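We name chains A, B, ... by the order of the sequence lines, and we start the count at 1 in each one. Model, not experiment: these values are computed from the prediction.
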Amino acid sequence: MDNRQELNRNLAQMLKGGVIMDVTTPEQAKIAETAGACAVMALERIPADIRAAGGVSRMSDPAMIKGIQSAVSIPVMAKCRIGHIAEARILEAIEIDYIDESEVLSPADDVRHIDKNKFNVPFVCGARDLGEALRRIGEGATMIRTKGEPGTGDVVQAVRHMRKMQSEIRHIVSLREDELYEAAKELAAPLDLVKFVHENGRLPVVNFAAGGVATPADAALMMELGAEGVFVGSGIFKSGDPAKRAAAIVQAVTNWQDSKLLAKLSENLGPAMVGINADEIETIMEERGK
Amino acid sequence: MTVGVLAVQGAFAEMEAYWRAQGAETFEIRQRHDLDRTMDLLALPGGESTVQGKLVKDLGLFNPLTELIDGGVRVFATCAGLILLAGKIEDAGARDGTRPEMWFGALPVAVRRNAYGRQLGSFMTVGAFDGKSRVPMTFIRAPSITAILSPEVEVLSEFNGHPTSVRWRNITAFTWHPELSNCRVAACAVVDSPRTKTALQRTKQDQSLAGSG
């Protein structure tokens with residue numbers, strides 16, 4: 001592994017135990033930073049609005065991203081379309097701190113992901129299971145998040161993906177060494193990464209939860225299930241009192257084991273995002289890119 | 001030796017693993033009652049200083065931690081931990097004209113956050129540290145120490161003419177991450193002081209007593 005890969009994995013380690021929040025304006029970015037976000041995701045429309053608007057969803061305007069970069073001191077992330085090498089190059093050129101090659105946007109390539117090893121800038125990618133996570137890491141992703149089902153406010157898919165990943169990790173750990181070859185074949189994942197999981201009982205990179213987290217309790221649930229931090233997309237700025245909700249989710253991630261504190265944090269947050277039941281939606285973003 | 005690791009956000013698991021590798025016992029500090037335990041050393045890990053600083057205040061940790069630090073407990077701080085300790089924060093980040101927040105203010109140095117730029121400016125190097133040569137150093141969106149504010153501050157390493165680690169009274173602080181490369185000499189810079197040596201010996205005696213029982 002070269003230095004760049006290691007440095008990029010290291011940055012994700014610094015984000016652990018934190019909350020990464022979707023923001024669409026410098027003002028929202030400031031609110032997120034003040035509330036304790038460890039990074040912000042700059043995008044023109046949050047997933048709930050992307051769903052509502054329909055059509056093709058692309059990388060955000062670099063001018064808009066730069067506005068957010070100059071508003072805050074925490075890391076700024078931005079999304080490019082799956083397989084869109086040029087969008088990724090543009091985000092690298094404006095010195096983004098992390099690129100999310102994201103299923104939330106319309107995929108540019110319906111088969112391949114970007115060869116992220118060719119970039120100096122780090123990438124986070126979504127995954128629904130261990131095979132998908134290891135394929136992305138093989139391509140050079142230095143951070144993984146569950147896909148969940150973005151823009152729904154329904155945490156069920158994030159739970160499904162995190163549980164699946166963790167149980168597959170436990171399974172790989174339990175195997176004999178000579179069974180790893182077949183396991184790698186079944187997972188369609190690089191053998192060396194399967195061996196790493198076998199030896200260490202975890203992914204070789206930091207693993208966050210994303211997709212449908214809307215309350216402090218949702219965030220605590222994801223930490224309980226093994227997430228090392230959470231992304232909150234539509235959940236904050238689609239709610240009644242974004243600043244208060246954001247700060248409560250930040251504290252919930254730190255003290256997810258303290259249910260008395262969680263009870264206090266959950267009080268009087270105002271209306272949560274209304275949400276859509278994940279079974280009732282037509283566009284299934286988690287199916288994008290495998 | 002027992003190390004209390006501030007575990008509100010960031011790479012606290014790495015910090016715990018690092019100190020366990022040096023033979024210490026560790027516990028996590030997330031809330032006020034965690035400080036009921038006694039410690040020989042307080043470790044402040046890397047992460048985002050704004051987040052850690054806010055949580056330290058929101059969770060009621062600010063005053064008791066300030067008392068501990070000012071009271072002379074050994075402190076080992078990396079990156080964000082150094083920023084929380086700095087006596088002055090000169091920040092390029094405060095573009096809207098507001099003054100960046102200061103936290104414990106216990107260490108007489110001035111720091112600038114994200115001094116090497118964004119993540120593309122993160123780097124690894126090898127340099128001299130506390131009289132040892134060729135020590136690997138990892139800088140992640142690192143701050144830099146822009147000024148030393150007391151003649152008592154001892155500079156342990158430098159990069160491009162700026163101090164990158166310092167020792168002052170009970171505090172040893174780094175702009176880089178010794179815990180990421182399991183850099184033993186960094187722990188020694190704290191532990192080899194007479195006071196922590198005694199604490200280490202005490203733990204060893206306890207362990208051998210427990211073993212013989």
Undergrad: Picking from N120(A), I74(A), V121(A), which has the most non-hydrogen pairs under 4.5 angstrom with chain B?
TA: I74(A)
Undergrad: Take atom NZ of K244(A) as the centre, draw a 6.0 Å sphere, and report whether it contains more than 12 heavy atoms from other residues, nucleotides or ligands.
TA: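 Atom NZ in K244(A) is packed in, count exceeds 12.
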Undergrad: Mark yes when over 12 heavy atoms from residues, nucleotides or ligands other than K66(A) sit less than 6.0 Å from its NZ; otherwise mark no.
TA: no
Undergrad: Other residues, nucleotides and ligands only: do more than 12 of their heavy atoms fall within 6.0 Å of NZ on K57(B)?
TA: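 Buried by this count: over 12 neighbours within 6.0 Å.
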Undergrad: As a quick check of understanding, evaluate side chain to side chain contact (heavy atoms under 4.5 Å, CB included) for R9(A) and L180(B), giving each step before the final call.
TA: CA-CA 11 Å; R9(A) 289 183 181 190; L180(B) 291 181; over 6 Å; no
Undergrad: Is it the case that more than 12 heavy atoms not belonging to I85(A) sit under 6.0 Å from its CD1 atom?
TA: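 No.
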Undergrad: So which of G18(A), G36(A), P75(A), G17(A) has the biggest tally of heavy-atom pairs under 4.5 Å with chain B?
TA: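 Option with the top pair count is P75(A).
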Undergrad: Sort L120(B) into side chain, backbone, both or neither according to what part of it lies under 4.5 angstrom from a heavy atom of chain A.
TA: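 L120(B) touches chain A through backbone and side-chain heavy atoms alike.
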Undergrad: Counting only non-hydrogen atoms closer than 4.5 Å, can you tell me which residues of residues 12-20 of chain B sit against chain A?
TA: A13(B), E14(B)
Undergrad: Check each atom of A37(A) against the heavy atoms of chain B and say whether the ones under 4.5 Å are side chain, backbone, both or neither.
TA: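 When you check distances to chain B, only backbone atoms of A37(A) fall under 4.5 Å.
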Undergrad: As a quick check of understanding, evaluate side chain to side chain contact (heavy atoms under 4.5 Å, CB included) for N10(A) and H177(B), giving each step before the final call.
TA: CA-CA 10 Å; N10(A) 289 157; H177(B) 291 279; over 6 Å; no
Undergrad: Which pair of heavy atoms, one from E48(B) and one from C38(A), lies closest together, and at what distance?
TA: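 E48(B) and C38(A) have their closest heavy atoms at CG-O, 3.3 Å.
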Undergrad: Between the main-chain N or O of L7(A) and the side-chain N or O of Q119(B), is there a donor-acceptor pair closer than 3.5 Å?
TA: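 Side chain of Q119(B) to backbone of L7(A): a pair is present.
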Undergrad: Which answer fits T50(B), side chain, backbone, both or neither, if we ask what part of it has an atom under 4.5 Å from a heavy atom of chain A?
TA: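 Contact with chain A: side chain only.
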Undergrad: Hey, does the side chain of R118(B) reach the backbone of Q69(A) with a donor-acceptor pair shorter than 3.5 angstrom?
TA: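 At least one qualifying donor-acceptor pair exists.
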Undergrad: Answer yes or no: is there a side-chain heavy-atom contact under 4.5 Å between V19(A) and V51(B)?
TA: no
Undergrad: As an exercise, state the distance from CE of M14(A) to CD of Q9(B), rounded to the nearest 0.5 Å.
TA: 9.5 Å
Undergrad: To the nearest 0.5 Å, how far apart are CG in N3(A) and OG1 in T138(B)?
TA: 8.0 Å
Undergrad: Taking every non-hydrogen pair under 4.5 Å, which of E33(A), Q251(A), R4(A) racks up the most with chain B?
TA: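 Looking at each option in turn, the highest pair count goes to R4(A).
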Undergrad: Please flag which part of R30(B) lies under 4.5 Å from any non-hydrogen atom of chain A: side chain, backbone, both or neither.
TA: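 Answer is both: backbone and side chain atoms of R30(B) are under 4.5 Å from chain A.
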Undergrad: Would you find a donor on one side and an acceptor on the other, under 3.5 Å apart, between the side chain of Q13(A) and the backbone of G10(B)?
TA: no
Undergrad: Is chain B contacted by the side chain of E228(A), its backbone, both, or neither, given a heavy-atom distance below 4.5 Å?
TA: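 Interface part for E228(A): neither.
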Undergrad: Find the distance between CG (N114(B)) and CG (D97(A)) and round it off to the nearest 0.5 Å.
TA: 8.0 Å
